[in-house]
Amino acid sequence: MTIGILTSGGDCPGLNAVIRGAVIKGDRIHEVPFVGIHDGWRGLVEDDIVPLPRADVRGISRAGGTILGTSRTNPFEHGGAERVRETMDKHGMTALIAIGGEGTLTAARRLADEGIPVVGVPKTIDNDLSATDYTFGFDTAVSVATESIDRLRTTAESHHRCMVVEVMGRHVGWIALHAGIAAGAHAILIPEVDVSIEQICGWAEDARDRRRAPVIVVAEGFVPSGEEHLHAPRGLDAFGRPRLGGIGERLAPEIEERTGIETRSATLGHLQRGGVPSAYDRVLATRFGTAAVDAVVEKQWGTMVSLIGTDIELVDLHSATTVLKTVPRERWDEAAILFG
Ligand code: F6P
C-alpha cells in the first residue's frame, strides 16, 4: 500500500499538522509509505507527485499554510476519475487522503462513487460542514479576528469613530459570531440573519450615546435586508463561486451618512487564514490525520473523519457534503441581547 495525500481548496491553519499526523502514524504503526501530491487535485491530474518520507514532516505541525501547496482545481474539469486513476497507478498509489473543504470533499465523494479509494479530512476556517462539530482552522481564525477587533477598537475609541470589521464567512457567520462575542461587538451581521441598515445604525447610535466607539462585525457573506445579492464585485473563482469581500467597505459610508458618526472599515481577509495554528487546531488536525490513516488501512472508502463531541468518528462523505452547518437563529439571538 502507498498513500497519496493532498491539500486542496483554500488553505487554513492546521493542514501541516494533519499531514504530519498521518505520515508518522502511517510509518510507525502501519508501515505504509506516503507520497505528497502538489497543489491539491492539480497535482493528481498533472502528475506532480513527490515521495513524502517521515523526515519531511518533522516539526511541521506549528507551521501555517501547507507544505504540499494547494489550488482550487476541480478534477472533473481535467479528466475526472479516469485521469486520477491513471496517475495513481503510475505511482503505485493504492489510496488517497484528501484534505479540504466543501468543494474538495464533494470532488472526493464523486471520485469515491466512481471507485477511487479515498478518505476525506474536513478543513475550513468557516466551520460550515454539518457532519463535524468543528473543523481545524476555525479556532485560529477566531483568535486572529478577535485580536484584530480588539486593536481596531482602541483606535476607534481614540477618534470617537465607528469601526466596521469584515471577517470571512462565505455562507455562514460562525467566525463573525464567535469573534464578535469574544470582542464585545455592538452588532454582528451574518448571512443567516436578515438585518436592516436602520437597525444597524440604531445599534451604532445607542453605543455612541453611551460614549462608546461602535464596533460592527460583519461576515463577508452578509446581505442587508431588502437586497437580493451578495456584495461580490470581484468576479468568480475556479469553481464559479463569487469572490467575496467588500461588504464592510460598502456599509461604512452608509452608516456615516445616516448617523453622522465618522466611520471606518477594515477587511481582515486572508490574515485569518495565515500564520501559525492555535494549540486547539494543532490537536484537532493531528487527531484527524492519525484517524484518516487508520480509515485508509481499514479501507473505509468514501468516508470522512469528523469530530463528534470529543470523539473522532467516521462519517459518510455524502452526508458530510450535502448540508451546511449554519448559525441557528437562537445562537445569534443570544448574542444580540448585548448589541447596541
Ligand atoms: O472557504 C473558506 C474561505 O476562506 C471563505 O471564507 C472565503 O470566501 C474564501 O475561502 C476565499 O477564498 P480565496 O482564498 O480563493 O480568496
Pairwise salt bridge (charged side-chain N to carboxylate O under 4.0 Å, His left out) hits with a residue in residues 85-99, at least two apart: Asp47-Lys90, Arg83-Glu86
Salt bridge (charged side-chain N to carboxylate O under 4.0 Å, His left out) partners of residues 179-193, not counting sequence neighbours, each pair once: none
Does any N or O in the side chain of [X] come within less than 3.5 Å of the main-chain N or O of [Y], such that one atom is a donor and the other an acceptor?
X	Y	value
Asp281	Thr140	yes
Thr106	Thr104	no
Thr155	Leu152	no
Thr87	Leu44	yes
Glu220	Val167	no
His178	Val142	no
Glu257	Glu254	no

Verify same cluster id: [X], [Y] (apolar side-chain graph, 4.5 Å):
X	Y	value
Ile67	Ile24	yes
Val57	Phe136	yes
Leu314	Leu129	no
Val32	Val35	no
Ile216	Ile197	yes

So which pairs with a foot in [range] pass side-chain hydrogen bond (donor to acceptor under 3.5 Å, both in side chains), sequence neighbours left out?
range	answer
residues 330-340	Arg329-Asp333
residues 117-134	Asn127-Thr135
residues 162-174	none

Non-hydrogen atoms of [X] and [Y] that approach each other most closely:
X	Y	result
Phe76	Glu114	CE2-OE2, 3.6 Å
Pro224	Leu251	CG-CD2, 4.3 Å
Ile247	Ala219	CG2-O, 3.7 Å
Ile125	Arg273	CD1-CG, 3.5 Å
Ala131	Val315	CB-CG2, 3.9 Å
Gly40	Ile37	O-CG2, 3.4 Å

Using atom types as modelled, flag every donor-acceptor pair under 3.5 Å from a side chain in residues 283-294 to any protein atom, sequence neighbours excluded.
from	atom 1	to	atom 2	distance (Å)
Thr286	OG1	Arg282	O	2.6
Arg287	NH1	Thr310	O	3.0
Arg287	NH2	Thr310	O	3.1
Thr290	OG1	Thr286	O	3.3
Thr290	OG1	Arg287	O	3.1
Asp294	OD1	Lys25	NZ	3.2
Asp294	OD1	His30	NE2	2.8
Asp294	OD2	Lys25	NZ	2.8

Spatial distance of atom [atom1] ([X]) from atom [atom2] ([Y]) [nearest 0.5 Å]:
X	Y	atom1	atom2	answer
Leu105	Ser8	CG	OG	9.0 Å
Arg208	Cys201	CZ	SG	10.5 Å
Glu256	Arg264	CD	CZ	7.0 Å
Gln300	Leu317	CD	CG	11.5 Å
Ile99	Asp11	CD1	CG	12.0 Å
Asp194	Ile190	CG	CD1	11.0 Å

List for me each residue that meets side chain to side chain donor-acceptor pair (under 3.5 Å) alongside [X], sequence neighbours excluded, and say none if there are none.
X	result
Glu227	Arg250
Thr321	Arg109
Ser71	Thr73
Glu77	none

Are any of the side-chain heavy atoms of [X] and [Y] separated by less than 4.5 Å?
X	Y	value
Leu52	Val23	yes
Leu244	Met168	no
His38	Val50	yes
Val305	Pro122	yes

Pair Asp39-Glu46, side chain to side chain contact (heavy atoms under 4.5 Å, CB included): steps then yes or no: CA-CA 10 Å; Asp39 300 341; Glu46 291 181 10; over 6 Å; no
Arg212: salt bridge (Lys or Arg N to Asp or Glu O under 4.0 Å) partners, not counting sequence neighbours: Glu157
Asp48: partners by salt bridge (Lys or Arg N to Asp or Glu O under 4.0 Å), with sequence neighbours left out: Arg42
Distance-only donor-acceptor check, side chains Ser61 and Asn16, under 3.5 Å: no
Stepwise side chain to side chain contact (heavy atoms under 4.5 Å, CB included) check, Val217 with Leu177: CA-CA 8 Å; Val217 176; Leu177 183 76; over 6 Å; no
CD (Glu198) with more than 12 external heavy atoms under 6.0 Å: yes
Neighbour count >12 (heavy atoms, 6.0 Å) for atom CZ, Arg54: yes
Sidechain N-carboxylate O distance under 4.0 Å for Arg151, Glu147: yes
Intermediate values then yes/no, side chain to side chain contact (heavy atoms under 4.5 Å, CB included), Ile255 and Val164: CA-CA 9 Å; Ile255 294 170; Val164 180; 3.9 Å; yes
Evaluation steps, side-chain hydrogen bond (donor to acceptor under 3.5 Å, both in side chains), between Thr66 and Thr7: CA-CA 7 Å; Thr66 160; Thr7 52; 2.9 Å; yes
Stepwise side chain to side chain contact (heavy atoms under 4.5 Å, CB included) test for Leu68 and Ile19: CA-CA 9 Å; Leu68 295 174; Ile19 299 168; 3.8 Å; yes
